[in-house]
Amino acid sequence: MRTAFRDPGIPDGEKSVYAIGVPDQAQAFELTSVVTRAEHDYHSTVELRAGDGNPTITVEQRFSRVGGWLRAADYRAETRSQHTVVSREEAHFLDTTHLQLSSGVGPFPSNVVPFVGGLTLLRGLDFAEGAETSLDMWLAFSVHWPVTARVLKRTTVDVPAGRSASWPVHLRPGFAHVNSLLDKMIGGFIPSAIAYFETDPPHRLVQFSFPTEPTTAPRGLMELVA
């Protein structure tokens with residue numbers, strides 16, 4: 001099935017390390033992402049650790065690769081405080097139905113993106129200036145919000161891993177198809193995020209600027225270290 005995400009050709013065993021925090025403050029988290037490649041899938045393991053190592057969040061995901069396109073398939077996350085499991089969540093997006101809030105029973109949309117899954121799926125966007133795509137950001141259980149992804153003009157960013165030519169992708173809640181006033185209200189309350197992907201395939205994420213709270217709170221920054 002054709003989706004919004006092309007297969008970017010991620011090499012088997014690719015490892016990326018990111019620092020996460022607020023500019024001019026001590027690093028809050030370290031995120032490590034490892035992607036392995038199978039004949040018809042990518043398998044991703046993401047580990048997020050606080051600066052003191054507690055808590056730890058581990059996210060395991062599978063992405064289906066069919067006909068040159070990607071889809072989110074399976075998701076499992078676990079949060080631990082030292083040796084104690086705090087929470088677990090699991091989702092299976094392909095060939096399933098679920099109870100959708102306000103719209104009854106139905107399948108997940110084909111362009112569904114688990115939040116952490118954006119590290120892999122968004123690498124398959126159409127990277128051309130001005131290209132715009134509608135996505136569904138899965139948050140938890142049956143909740144997924146419409147998001148608009150728009151590719152901006154190519155630029156260069158400096159991160160701890162070095163200087164990188166990048167495609168910026170502007171990400172914002174997209175409710176214009178429901179109601180234009182609602183779209184403006186939510187857009188004014190929830191600031192947008194910007195993700196920067198390497199211009200060359202397989203388009204690894206190099207920087208992510210995101211809101212930490214609604215409105216004017218300091219923005220968080222995730223940057224590639226290695």
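Because the structure is predicted, anything quoted here is derived from the model rather than measured.
- The shortest side-chain heavy-atom distance between Val46 and Thr32 does not fall under the 4.5 Å cut-off.
- Heavy atoms from other residues, nucleotides or ligands lying under 6.0 Å from CG of Asn54 number more than 12.
- Atom OG of Ser110 and atom CH2 of Trp69 lie 11.0 Å apart (nearest 0.5 Å).
- One finds the OG atom of Ser81 at 11.0 Å from the CD1 atom of Ile57 (value rounded to the nearest 0.5 Å).
- In terms of hydrophobic clustering, with Ile, Leu, Val, Met, Phe, Trp and Tyr side chains grouped at heavy-atom distances under 4.5 Å, Val113 and Val66 are assigned to different clusters.
- The same ILVMFWY cluster, assembled from side-chain heavy atoms under 4.5 Å apart, contains both Phe115 and Leu205.
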Query raised in the report: Between Leu31 and Val17, does a side chain to side chain contact (heavy atoms under 4.5 Å, CB included) hold up when you go through it step by step?
Result: CA-CA 6 Å; Leu31 184 149; Val17 180; over 6 Å; no
With salt bridge (Lys or Arg N to Asp or Glu O under 4.0 Å) as the test, would you mind laying out the steps for Glu90 and Arg88 before giving the verdict? CA-CA 7 Å; Glu90 188 169 350; Arg88 290 192 178 108; over 6 Å; no
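- Rounded to the nearest 0.5 Å, atoms OH (Tyr18) and CD (Gln27) are 14.0 Å apart.
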With side chain to side chain contact (heavy atoms under 4.5 Å, CB included) as the criterion, how do Tyr42 and Asp7 come out once you've worked through the C-alpha distance, each side chain's angles and the decisive distance to 0.1 Å? CA-CA 10 Å; Tyr42 288 121; Asp7 185 347; 2.5 Å; yes
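- Aromatic ring pairs are classed by plane angle as parallel below 30°, tilted from 30° to 60° and perpendicular above 60°; the pair Phe197 and Phe127 is tilted.
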Using side chain to side chain contact (heavy atoms under 4.5 Å, CB included), reason through Phe93 and Arg71 one step at a time and then give a plain yes or no.
CA-CA 9 Å; Phe93 302 109; Arg71 286 189 70 183; 6.0 Å; no
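- Taking OG of Ser87 as the reference point, atom CZ of Arg80 lies at 11.0 Å (rounded to 0.5 Å).
- Taking 4.5 Å as the limit, some side-chain heavy atom of Phe63 sits within range of a side-chain heavy atom of Gln61.
- Put simply, the side chain of Pro168 does not reach to within 4.5 Å of the side chain of Lys153, judged on heavy atoms.
- When side chains are defined from C-beta on, Pro11 counts as touching Pro202, because their heavy atoms get closer than 4.5 Å.
- A 4.5 Å side-chain heavy-atom check between Arg163 and Thr156 finds at least one atom pair inside the cut-off.
- The shortest non-hydrogen separation linking Pro55 to Thr79 is CB-CG2, 4.3 Å.
- Linking Ile, Leu, Val, Met, Phe, Trp and Tyr whenever their side-chain heavy atoms come within less than 4.5 Å leaves Leu94 and Val59 in two separate clusters.
- The main-chain N or O of Phe5 is found under 3.5 Å from a side-chain atom of Thr3 such that the two form a donor-acceptor pair.
- At a threshold of 4.5 Å between side-chain heavy atoms, the hydrophobic network of Ile, Leu, Val, Met, Phe, Trp and Tyr places Val34 and Phe29 in two separate groups.
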Side chain to side chain contact (heavy atoms under 4.5 Å, CB included) between Leu121 and Val112: does it pass, once the steps are laid out? CA-CA 9 Å; Leu121 289 170; Val112 68; over 6 Å; no
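- Applying the side-chain hydrogen bond (donor to acceptor under 3.5 Å, both in side chains) rule to pairs touching residues 111-138 yields Glu14-Arg123, sequence neighbours excluded.
- Closest of all the heavy-atom pairs between Val206 and Ser166 is CG2-OG, 3.5 Å.
- Separating the CG atom in Asp74 from the OG atom in Ser44 is a distance of 12.0 Å, to the nearest 0.5 Å.
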Please tabulate, for the side chains in residues 217-226, all donor-acceptor contacts under 3.5 angstrom to protein atoms that are two or more places apart in sequence or on a different chain.
from	atom 1	to	atom 2	distance (Å)
Arg219	NE	Ser209	OG	3.0
Arg219	NH1	Ser192	O	3.0
Arg219	NH2	Ser192	O	2.9
Arg219	NH2	Ser209	O	3.1
Arg219	NH2	Ser209	OG	3.3
Glu223	OE2	Gln207	NE2	3.0

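- Leu171 contributes atom CG, which lies 12.5 Å from atom CZ of Phe210 (distance to the nearest 0.5 angstrom).
- Counting only heavy atoms from C-beta outward, the side chains of Tyr75 and Glu89 approach each other to under 4.5 Å.
- Scanning all heavy atoms of the two residues, the minimum distance from Pro114 to Ala72 falls at CD-CB, 3.8 Å.
- Here salt bridge (charged side-chain N to carboxylate O under 4.0 Å, His left out) pairs that include residues 20-42, with residues two or more places apart or in two chains, are Asp41-Arg62.
- Salt bridge present: Glu47 and Arg49 bring a charged side-chain N and a carboxylate O closer than 4.0 Å.
- Hydrophobic clustering (ILVMFWY, side-chain heavy atoms < 4.5 Å, transitive): Phe208 and Ile194 are in one cluster.
- A 6.0 Å sphere centred on NE2 of His170 holds more than 12 heavy atoms belonging to other residues, nucleotides or ligands.
- Looking at Leu152 and Trp167, their side chains never come closer than 4.5 Å, going by heavy atoms from C-beta outward.
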Going through the distances and angles, do Ser16 and Arg204 end up as a side-chain hydrogen bond (donor to acceptor under 3.5 Å, both in side chains)?
CA-CA 9 Å; Ser16 304; Arg204 185 163 59 156; 3.1 Å; yes
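- Side-chain contact between Ile20 and Leu48 is present, with at least one heavy-atom pair separated by less than 4.5 Å.
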